[in-house]
Colleague: 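Input: one structure, supplied below.
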Amino acid sequence: MTGPLSKNPVFCALDTTSVTQAVTLAQSLIGKVGGLKVGMEFFYANGPTGYQAVAETGIPIFLDLKLHDIPNTVAGGIRAITPLKPAILTIHTAGGIDMMKAAKQASMEAAGPSPLVVGVTVLTSLDESDLKMAGVGDTAADQVRRLAGNAQEAGLDGVVCSPLEVDLLRADCGPDFKLIVPGIRPSGAAIGDQKRVMGPAEALAKGADVLVIGRPITQANHPANAADAIQAEIAASTS
Ligand code: C5P
């Protein structure tokens, strides 16, 4: 793994609007996870100040704002957030090649290391009938592959994808394209509302670079222990 990402592939999703809760959890996860995912829920509620309170833990942050607008506006949005020094940020690949190029270009203007810019392809909440209603006749898998190809052509660093797409995209996009993968469930964890899940070791073996894991850590009685157990599960599979 290169750039701002550490050897620990687990990014814990802080799905809360509470700064106190997020900071307490983040502090308990120092040295236990490779990063934290901060989404629009937290960022819209607390802005850069809330973000910085979490970032002060020193844990790399995946700022998942899924930007989607015309190229000039997305580039401006990225220039506004790069001073926060996220390790990873997201944009929608549906914004088109020019928008993705403008986003990547803007991310590289920041002083210091640039964030990885990764694309969201087909939201996993959409099925084929939703795609049809939006005028997409292809299967979801074909549309994911097409959008990931566009992202790669535009120079993005990778895409967010479901565990079931890792195989296909790793083969399509080669070894350096980052695959950021939610929908991960360590052994014994509740599946919750996720429909297509995979264990952390299996997702890594298939070629995932970052595992986004929320509730199995955040809702555990001891989040730090849950994060340690995930590392142990990964280590056991490779030893
Ligand atoms: O709690 P859980 O592990 O299911 O959380 C996964 C995180 O990844 C949440 O923040 C969720 O919004 C996000 N995510 C996802 N599936 C996607 C895209 C993002 O679960 N396709």
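We count ligands from 1, going down the list as the structure has it; atoms in each ligand are counted the same way. This chain uses plain numbering: 1 for the first residue, then up along the sequence.
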Colleague: Quick one: does Ile234's side chain get under 4.5 Å of Val10's, heavy atoms only?
Modeller: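 They are in contact (side-chain heavy atoms under 4.5 Å apart), so the answer is yes.
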Colleague: By the salt bridge (charged side-chain N to carboxylate O under 4.0 Å, His left out) test, which pairs, at least two apart or in different chains, include something from residues 52-65?
Modeller: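 Passing the test, one end in residues 52-65: Lys37-Asp64, Asp64-Lys66.
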Colleague: Among pairs that include at least one residue of residues 230-239, which meet salt bridge (charged side-chain N to carboxylate O under 4.0 Å, His left out), considering only residues two or more places apart or in two chains?
Modeller: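 Every candidate salt bridge (charged side-chain N to carboxylate O under 4.0 Å, His left out) pair involving residues 230-239 fails, so no pair, neighbours aside, qualifies.
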Colleague: Got Phe62 and Val212 here, is their nearest side-chain heavy-atom distance under 4.5 Å?
Modeller: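 Counting from C-beta outward, Phe62 and Val212 do come under 4.5 Å.
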Colleague: Run the side-chain donor-acceptor check on residues 214-223: report pairs under 3.5 Å with partners two or more places apart or on a different chain.
Modeller:
residue	atom	partner	partner atom	Å
Arg215	NH1	Asp193	OD1	3.1
Arg215	NH2	Asp193	OD1	2.6
Thr218	OG1	Gly214	O	3.4

Colleague: Side chains of Asp157 and Lys104, heavy atoms from C-beta outward: is any pair under 4.5 Å?
Modeller: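 Answer yes - side chains close enough.
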Colleague: Non-hydrogen atoms closer than 4.0 Å to ligand 1: which protein residues do they belong to? List them by chain and number, please.
Modeller: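 Residues within 4.0 Å of ligand 1: Ala13, Asp15, Lys37, Thr124, Pro182, Arg185, Gln194, Val212, Ile213, Gly214, Arg215, Pro216.
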